[in-house]
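The next block holds one structure in the form of structure tokens; read it before the comments.
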Amino acid sequence: MSGHTNMTLVNENGIRVDGRAFNQHRPFKVNAGVLKNADGSAYVEIGKNKILAAVYGPRECHPRHLQNPNKAIIQCKYNMQAFSVSDRKRPGPDRRSIEISKIIAEALENVVLTELYPRTSIDVYIEVLQANAGTRCAGLTAAAVALADAGIPMKDIVSACAAGKADDVVILDLNKEEDNYGQADVPVAIIPSTDEIVLLQMDGNMTREEFDNAIKMAIGSCHELYDLQKEALKKRYEEKEEDESS
Ligand code: ADP
């Protein structure tokens, strides 16, 4: 997010580096139940982002001192594979992945009925296989589907998409160049049935009016993702029924 570059991110016709219009998101793909051995799983592509999420639980909480007698805790591990970015990423947790894990767990706590499973842990693993900006949103979107696939009671799922600003234009769903050289990046996650915002961050600067526009576009995109998330879960459910009847 430098905001200082000679690179044109939005040209005079309003077209972005990858050919999109200001209000166009990248292609979305959502699959549920892609891993056999996890309790629940999902695979999400947002443009060039490729992300797997797996869920275990509710299960006994380790380490034990984290147990909550009143509800389950959600433990999230967001991890970027070494081969997920153009230069090899040093494996293992870093400040960024710890922060992203925390905000994703907090967003999910708004929908999971944790009070039904006191003293347990619901473990969410997010593996970034390929990254191109927007991985926290794609990871959260995948994690929500994986939780539902695991059959964990939730009041709704969570859908997430970013918006931002580049070359003084408010744009939807920033890619890597726009994230690196643009002026602002605003990841947003909502509970689609109520439009309640459960994650909101901002890197860079925008005016109040630009911010309102960015939020509006991001929420619109979340609703499109929501339809795909529900479709993926429905498909998975139908497959399960077929498996059981054969
Ligand atoms: P998000 O992926 O949610 O947009 P950031 O804004 O922190 O989160 O990162 C933007 C993008 O920068 C990532 O999606 C990834 O493509 C790239 N990136 C992040 N961390 C690294 C890293 N350690 N090495 C190389 N590229 C990285």
Side-chain angles (χ1 to χ4, degrees), residues 1-5 7 9 16-18 20 22 24-30 42-53 76-108 124-146 158-167 169-190 197-206 210-211 214-215 217-219 221-222 225 229:
M1 195 61 45
S2 68
H4 300 288
T5 174
M7 189 176 177
L9 294 169
R16 294 154 67 178
V17 275
D18 56 8
R20 284 185 287 157
F22 74 96
Q24 200 178 350
H25 58 71
R26 293 172 284 186
F28 292 155
K29 183 171 160 183
V30 182
Y43 174 71
V44 165
E45 287 184 7
I46 307 284
K48 290 180 190 154
N49 292 303
K50 297 187 175 186
I51 307 218
L52 264 177
C76 178
K77 277 206 180 84
Y78 164 103
N79 180 48
M80 252 182 160
Q81 290 293 341
F83 51 80
S84 67
V85 289
S86 44
D87 297 320
R88 176 180 177 276
K89 186 205 165 275
R90 193 158 172 259
D94 48 31
R95 274 180 58 147
R96 178 178 171 275
S97 66
I98 292 166
E99 174 225 320
I100 295 179
S101 302
K102 183 171 183 288
I103 55 146
I104 288 180
E106 285 172 0
L108 293 169
V124 178
Y125 297 91
I126 296 171
E127 291 294 334
V128 179
L129 308 178
Q130 191 168 286
N132 195 257
T135 60
R136 71 194 64 207
C137 290
L140 177 50
T141 298
V145 174
V158 170
S159 313
C161 189
K165 178 177 161 187
D167 290 347
V169 181
V170 177
I171 53 173
L172 179 63
D173 187 23
L174 282 67
N175 67 20
K176 183 79 167 68
E177 288 79 29
E178 293 166 338
D179 183 299
N180 277 8
Y181 306 114
Q183 295 155 297
D185 178 24
V186 184
V188 179
I190 61 164
I197 293 177
V198 291
L199 184 155
L200 179 61
Q201 298 183 293
M202 180 150 117
D203 186 10
N205 291 302
M206 31 174 48
E210 288 166 340
F211 178 75
I215 298 285
M217 285 206 294
I219 289 180
S221 192
C222 287
L225 266 170
Q229 288 171 297

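In each ligand, atom 1 is the first atom listed, and ligand 1 is the first ligand listed.
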Below 4.0 Å from any atom of ligand 1, is there a heavy atom belonging to N132? yes

Okay, side chain of [X], backbone of [Y]: is any donor-acceptor separation there less than 3.5 Å?
X    : Y    : value
S84  : A131 : no
N205 : A184 : no
R136 : Y78  : no
T141 : S159 : no

Please work out which of [options] has its closest non-hydrogen atom nearest to [atom].
atom                    : options              : value
atom 1 (P) of ligand 1  : A82, S97, G134, G139 : G134
atom 20 (N) of ligand 1 : R96, E99, R88, R90   : R96
atom 16 (O) of ligand 1 : K48, K89, K176       : K176

How far is [atom] from the closest protein heavy atom, and which atom is that?
atom                    : answer
atom 18 (N) of ligand 1 : M80 CE, 4.0 Å
atom 3 (O) of ligand 1  : R136 NE, 2.8 Å
atom 26 (N) of ligand 1 : V85 CG1, 3.3 Å
atom 10 (C) of ligand 1 : D179 OD2, 3.7 Å

For ligand 1, which is the ligand I care about here, please tell me if [X] has any N or O atom under 3.5 Å from one of the ligand's N or O atoms.
X    : value
T135 : yes
A133 : yes
N49  : no
N180 : no

Note: R20-D173 ion pair, threshold 4.0 Å (strictly below): yes

So, are E99 and R95 salt-bridged, with charged N and O less than 4.0 Å apart? no

Give the atoms of ligand 1, by number and element, whose distance to some non-hydrogen atom of A131 is under 4.0 Å. 14 (O), 15 (C), 16 (O)

M80 and side-chain contact (heavy atoms from CB on, under 4.5 Å): which partner among E127, R96, Q130? R96

Steps toward salt bridge (Lys or Arg N to Asp or Glu O under 4.0 Å) verdict (K89, D94): CA-CA 11 Å; K89 186 205 165 275; D94 48 31; 3.4 Å; yes

To the nearest 0.5 Å, how far apart are CD in E178 and CG in L172? 9.5 Å

